[in-house]
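Bear in mind that the values here come from a model prediction, so they are computed numbers and not experimental data.
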Amino acid sequence: MKLARIKNLVANGRVVAMVGDGVNDAPALAEASVGVAMGSGTDVARESADVVLLGNDLLKFTETLEIARWTRRIIWWNFAGTLSVDAIGIALASAGLLSPTLAAFIHVTSELAFILNSARLLPSRAREIATPEISHHPERKVVPKPA
């Protein structure tokens, strides 16, 4: 039944993630766009999946997806920014409005800005110590886990 449902969704052009841990989940894990096996699951499930969770906490998996999306956004901003600055620099230099020294300075300064933008991905040590179980995603509301 799981396999039939996954095949139907994939056939209709849907991107499907399947989470499972047992022998009966293995065919559906292999058929899904992304198969996710639980760490304590069977060997067959882990071999059939694309991703294997080390633990059994699905909340950590959703936090991982949030971090991945956040990372992708920062990478795309950096990519678009670099292309934009370089295109403007090339246009100004070809028109004779930029000297080679000024063009190099602008390029290096913009690259430094993009590197600093990427540094936002680094976790803050103070946040790690204070709240080790909470995502470091800045747009996410911080709600401590109950003790």
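Follow the hydrophobic side-chain contacts under 4.5 Å out from L65 and you reach M38 in the same cluster. Both I88 and L97 are part of a single hydrophobic cluster, where members link through side-chain heavy atoms under 4.5 Å apart. At a threshold of 4.5 Å between side-chain heavy atoms, the hydrophobic network of Ile, Leu, Val, Met, Phe, Trp and Tyr places L58 and V51 in one connected group.
Just one residue in the list L3, V36, D25, V34 forms a side chain to side chain contact (heavy atoms under 4.5 Å, CB included) with M18, and that residue is D25.
Looking at heavy atoms from C-beta onward, F114 lies in side-chain contact with S110 at the 4.5 angstrom threshold. A heavy-atom distance below 4.5 Å is found between the side chains of D43 and R46. Between R14 and N8, every side-chain heavy-atom pair lies at or beyond the 4.5 Å cut-off. You'll find the side chain of V85 stays beyond 4.5 Å of the side chain of H107, heavy atoms only.
Heavy atoms of other residues, nucleotides or ligands lying less than 6.0 angstrom from CG of L54 number 12 at most.
Listed by chain and residue number, nothing satisfies the side chain to side chain donor-acceptor pair (under 3.5 Å) test with K7 (two or more places apart in sequence, or in another chain).
In this structure, CZ in R5 is found 4.0 Å from CG in L9, a value given to the nearest 0.5 Å. Atom CD1 of I106 and atom CG of L92 lie 7.5 Å apart (nearest 0.5 Å). Going from atom CZ of R69 over to atom OG1 of T64 covers 11.0 Å, rounded to the nearest 0.5 Å. Taking OG of S33 as the start and CD1 of I6 as the end, the distance is 8.5 Å to the nearest 0.5 Å. Rounding to the nearest 0.5 angstrom, the gap separating the OG1 atom in T71 from the CH2 atom in W76 is 14.5 Å. For the atom pair N117 CG and L112 CG, the distance stands at 11.5 Å (nearest 0.5 Å).
L29 and G20 make their closest contact through CD2-N, 3.8 Å (heavy atoms, listed as atom of the first residue, atom of the second, distance). The shortest heavy-atom contact between L98 and A103 is CD1-CB, 4.2 Å. When all heavy atoms of V10 and E31 are compared, the pair lying nearest together is CG2-O, 4.0 Å. The minimum heavy-atom distance linking A49 with G35 is given by the pair CB-O, 3.4 Å.
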